[in-house]
Protein chains: 4
Amino acid sequence: MSTKEPSTNRQQQAIQTKKKLLKAGREVFLQSGFQKTTISQIIKTANTGYGTAYVYFKNKNDLFIELMEELMIKFYEIAEKPFEPTTRENAHEMIANQVNLFLSLAVKEREMMQIVKEAIGVSEEVNQEWKNIQERFIKRIAQDIHYAQSQNLAKQNLDPTLVARGWFYSNEMFMWELVDNESHHSMDEIIRHLTIIYTSGLYFQNQF
Amino acid sequence: MSTKEPSTNRQQQAIQTKKKLLKAGREVFLQSGFQKTTISQIIKTANTGYGTAYVYFKNKNDLFIELMEELMIKFYEIAEKPFEPTTRENAHEMIANQVNLFLSLAVKEREMMQIVKEAIGVSEEVNQEWKNIQERFIKRIAQDIHYAQSQNLAKQNLDPTLVARGWFYSNEMFMWELVDNESHHSMDEIIRHLTIIYTSGLYFQNQF
Amino acid sequence: MSTKEPSTNRQQQAIQTKKKLLKAGREVFLQSGFQKTTISQIIKTANTGYGTAYVYFKNKNDLFIELMEELMIKFYEIAEKPFEPTTRENAHEMIANQVNLFLSLAVKEREMMQIVKEAIGVSEEVNQEWKNIQERFIKRIAQDIHYAQSQNLAKQNLDPTLVARGWFYSNEMFMWELVDNESHHSMDEIIRHLTIIYTSGLYFQNQF
Amino acid sequence: MSTKEPSTNRQQQAIQTKKKLLKAGREVFLQSGFQKTTISQIIKTANTGYGTAYVYFKNKNDLFIELMEELMIKFYEIAEKPFEPTTRENAHEMIANQVNLFLSLAVKEREMMQIVKEAIGVSEEVNQEWKNIQERFIKRIAQDIHYAQSQNLAKQNLDPTLVARGWFYSNEMFMWELVDNESHHSMDEIIRHLTIIYTSGLYFQNQF
DNA sequence: CATGAATGAGGCTTCATTCAT
DNA sequence: TATGAATGAAGCCTCATTCAT
């Protein structure tokens with residue numbers, strides 16, 4: 001027994017140190033942005049020895065990705081929401097709801113998302129990580145479209161993946177706009193437009 | 001007096017030097033990417049004196065933006081194409097055509113566009129420049145939508161700017177995909193799906 | 001009392017740990033070379049605690065020398081071979097044989113010898129260790145020369161130590177060449193030439 | 001005219017700076033040895049800006065090799081000495097003379113040669129450089145042997161390259177001994193023994 | 001207008017070693 | 001004996017930019 005418990009104590013210590021570094025990292029990233037942040041700053045903020053950071057993280061990217069992943073879990077939760085509409089209206093409503101959750105989360109985490117956006121452009125690793133997230137969303141959306149097609153709710157001559165991609169891209173870009181605080185439109189208006197175009201298109205249907 | 005003929009010669013000289021630098025810049029950017037390119041490299045490639053580059057460009061961004069602008073003119077030409085459809089079908093066709101031009105240009109200039117993409121993420125100035133281009137496209141698309149609405153071809157309870165934005169964003173993202181060579185879909189298929197969703201939506205219209 | 005049986009167990013344990021470290025050391029040294037190998041790597045490979053290595057070895061050199069000594073025992077065995085030739089031809093043959101053993105052993109242990117060579121250049125301690133080995137060889141060869149002189153087989157106006165030195169040095173250098181895989185000559189040819197020059201010289205004797 | 005001469009002035013300046021760095025380099029290397037010397041030390045000693053050293057040298061090795069090459073020129077001069085003996089005695093004498101020059105130079109440059117020796121063991125580049133020097137000597141000696149064979153002064157069933165190699169190696173090792181101040185023999189004695197063994201061998205010729 | 005030698009701030013990273021348990 | 005988290009000194013190197021000519 002005494003051979004195992006002491007290690008737990010040590011491990012606890014180690015976990016604390018790592019947490020301290022992550023917390024410091026978040027703080028510095030939020031304050032200085034991704035590019036300008038240096039490992040030194042994080043270390044100083046964390047009040048850790050210089051080498052210590054390198055025990056836990058290979059470099060700045062590595063630390064940031066860990067930080068980012070915490071956040072992305074929340075996005076994944078939204079992506080995985082079930083989607084089984086029974087009518088066209090029902091679908092419309094569910095979709096609007098999903099978009100709402102997605103955009104709201106981004107806005108709520110605005111500060112961190114701004115850093116994420118910067119990091120995507122600068123670091124190939126972070127970019128990769130973001131692509132994974134995109135793909136996860138797109139895949140899930142494609143499934144939903146497939147379901148709607150099988151229920152004869154959606155047009156069947158369209159490739160679910162391609163539609164999912166275009167749809168997600170619009171959402172993502174509006175999301176970045178909101179995160180940047182640069183949108184001149186209200187979130188509700190954005191959602192309304194996105195959803196209408198997506199479900200019903202811009203033009204009037206041909207009158208038979 | 002002495003400012004007339006000799007200065008013309010000098011100006012000629014100056015223009016030549018600048019061109020030499022821009023050409024070298026393009027070369028190095030294409031080879032090394034945006035981040036890894038250094039002013040020193042460009043200077044060496046241009047076979048110019050170290051200080052000389054600073055006569056013409058404030059820094060790397062500055063030089064790059066000049067390079068980028070040459071390319072963007074071509075995009076503007078596409079954006080400015082007239083759009084005055086008379087029927088729903090006509091509109092559909094014209095839109096598809098526009099998308100085609102847009103994506104084709106990007107693919108044709110793929111190499112430079114890849115660098116542009118990288119630069120957008122890294123340099124705030126380049127990012128700003130790209131935003132200008134986006135806005136120009138969006139503004140023009142909004143005009144077109146407005147026209148379609150006035151012709152009673154398009155739904156009128158939608159804000160042209162907002163629709164234009166969403167529409168452009170989808171197009172842009174597929175464009176980057178194609179530029180990255182990472183799309184698993186043919187350009188024709190992409191265009192077809194984009195246009196259908198945009199004009200007619202994904203779901204069947206309510207019957208009755 | 002309690003120092004008897006339990007301590008034996010402990011000692012057993014200790015010996016095991018040390019062996020584990022030495023084995024890991026050999027592995028890492030062979031893979032990464034001397035300079036690039038770090039104590040940390042060895043520790044990780046040995047699956048031992050960080051501090052543990054310091055219980056047994058002062059540092060990298062220390063560990064390496066222990067490893068090296070195992071190998072050097074084999075060289076000593078060759079050096080100690082008896083040498084009591086009765087004729088010039090007999091001597092020639094015995095010498096050739098000795099050289100053969102020496103070079104063959106080095107080639108057989110090539111991988112480790114490469115590391116040894118690197119370590120000699122980098123670490124003063126290892127260098128010292130190698131000098132001991134040289135001296136042991138030279139001393140033994142000097143004895144042999146002395147014996148040959150006493151038997152009136154060898155020239156007597158030559159200092160055995162000096163001759164031994166020059167002789168050993170040639171051998172050693174060819175040995176390193178073979179170890180480096182950089183010799184363009186066969187081992188047999190090398191042995192033949194070494195031995196002939198050593199015993200009979202390069203030039204024809206004076207025809208009196 | 002005024003377009004060309006100013007550059008000469010600048011170039012002069014640059015050459016001075018480089019010399020300053022080389023001089024500082026020599027100083028620091030002699031004082032601290034190869035491994036312990038850092039670029040920073042050299043820069044401080046040279047009273048130059050930090051980046052300046054990197055304008056002229058890629059790194060420590062690079063600077064050292066330049067320093068080393070100055071010295072090696074002197075060795076090359078010895079290696080290239082003509083060798084066209086007419087008799088066995090003549091050859092013996094010329095060889096002894098050559099050895100004398102070689103060892104004397106090394107002893108005269110003892111301090112620098114000690115650093116060179118250290119550097120050979122530590123830096124692959126320096127090691128390579130030294131190998132070049134060895135090969136140059138060996139090649140030249142092989143030529144000389146070939147000449148002696150053609151004059152029927154030397155045994156003809158021996159491969160000149162192989163003999164040259166063995167001969168040079170003995171010389172080199174004694175050289176390092178002298179440089180290390182670790183030889184217990186006088187240089188004259190060393191030369192005498194080396195030359196005798198090389199030309200006449202250790203053993204008496206067969207009496208027939 | 002053109003030059004190019006000189007600068008130095010400042011980031012990155014490694015690793016031997018300690019010491020409390 | 002054994003452990004392994006924590007340390008921090010120290011070296012490396014790049015590159016934008018200046019300024020005297």
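Per chain, numbering begins at 1; letters A, B, ... match sequence-line order. Quick note: numbers below take in every heavy atom, side chains included, and nothing from hydrogens, waters or symmetry partners. The structure displayed is predicted, hence computed values, not measured ones.
- Applying a 4.0 Å cut-off to non-hydrogen atoms, the residues of residues 24-49 of chain A that approach DNA chain E are A:Thr38, A:Ile39, listed by residue number.
- Going from atom NZ of C:Lys18 over to atom C1' of F:dA2 covers 16 Å, rounded to whole Å.
- Taking the side-chain contact (heavy atoms from CB on, under 4.5 Å) definition, one finds that B:Lys36 meets it with B:Ser32, sequence neighbours left out.
- Residues passing the side-chain contact (heavy atoms from CB on, under 4.5 Å) test with C:Ile120, sequence neighbours excluded: C:Val116, C:Val126, C:Asn127, C:Trp130, C:Trp176.
- Not counting sequence neighbours, B:Glu27 has no partner by the salt bridge (charged side-chain N to carboxylate O under 4.0 Å, His left out) test.
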Distance-only donor-acceptor hits, side chain of residues 59-69 of chain C, under 3.5 Å, sequence neighbours excluded:
unit_1, atom_1, unit_2, atom_2, d
C:Asn59, OD1, C:Asn61, N, 3.2
C:Asn59, OD1, C:Asp62, N, 3.0
C:Lys60, NZ, C:Phe34, O, 2.9
C:Lys60, NZ, C:Gln35, O, 3.3
C:Lys60, NZ, C:Thr37, O, 3.0
C:Asn61, OD1, C:Ser123, OG, 3.1
C:Asn61, ND2, C:Glu125, OE1, 3.0
C:Asn61, ND2, C:Glu125, OE2, 3.3
C:Asp62, OD2, C:Lys58, N, 3.1
C:Glu66, OE2, C:Lys18, NZ, 2.8

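- Taking 4.5 Å as the limit, some side-chain heavy atom of B:Lys44 sits within range of a side-chain heavy atom of B:Tyr50.
- Partners of D:Thr48 under the side-chain contact (heavy atoms from CB on, under 4.5 Å) rule, at least two apart in sequence or in another chain, are D:Thr17, D:Lys20, D:Leu21, D:Ala46, D:Thr52.
- Pairs of residues two or more places apart, or lying in two chains, that qualify as side chain to side chain donor-acceptor pair (under 3.5 Å) and include a residue from residues 111-122 of chain A are A:Lys117-A:Asp180.
- C:Thr17 has no side-chain polar atom (N or O) that falls below the 4.0 Å cut-off from OP1 or OP2 of F:dT1.
- Against DNA chain F, the stretch residues 52-67 of chain A makes heavy-atom approaches under 4.0 Å through A:Thr52, A:Val55, A:Tyr56.
- We find the CG-NZ distance between C:Leu22 and C:Lys19 to be 9.5 Å, quoted to the nearest 0.5 Å.
- The 5' end of DNA chain F is approached more closely, in terms of each residue's nearest nucleotide, by C:Tyr50 than by the other of B:Gly51 and C:Tyr50.
- Taking atom CD of residue A:Gln12 and atom P of nucleotide F:dA5, one finds them 13 Å apart after rounding to whole Å.
- Every side-chain contact (heavy atoms from CB on, under 4.5 Å) that D:Gln128 has, sequence neighbours left out, goes to D:Glu124, D:Lys131, D:Asn132.
- Residues satisfying the side-chain hydrogen bond (donor to acceptor under 3.5 Å, both in side chains) criterion with D:Tyr54, sequence neighbours excluded, are absent altogether.
- Residue D:Arg10 contributes atom CZ, which lies 14 Å from atom P of E:dA2 at whole-angstrom precision.
- Between D:Lys20 atom NZ and E:dA5 atom C1' there is a gap of 12 Å when expressed in whole angstrom units.
- Whole-Å rounding puts the A:Asn9 CG to F:dA6 C1' distance at 16 Å.
- Partners of A:Glu109 by side-chain hydrogen bond (donor to acceptor under 3.5 Å, both in side chains), not counting sequence neighbours, listed by chain and number: A:Lys74.
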Exercise. Give the dot-bracket string for DNA chain E, reading 5' to 3', where a pair is Watson-Crick or G-U wobble with both distances under 3.5 Å, ( ) marks pairs inside the strand, [ ] marks pairs crossing earlier ones, | marks a partner on another strand, and . marks unpaired.
Key: .||||||||||||||||||||
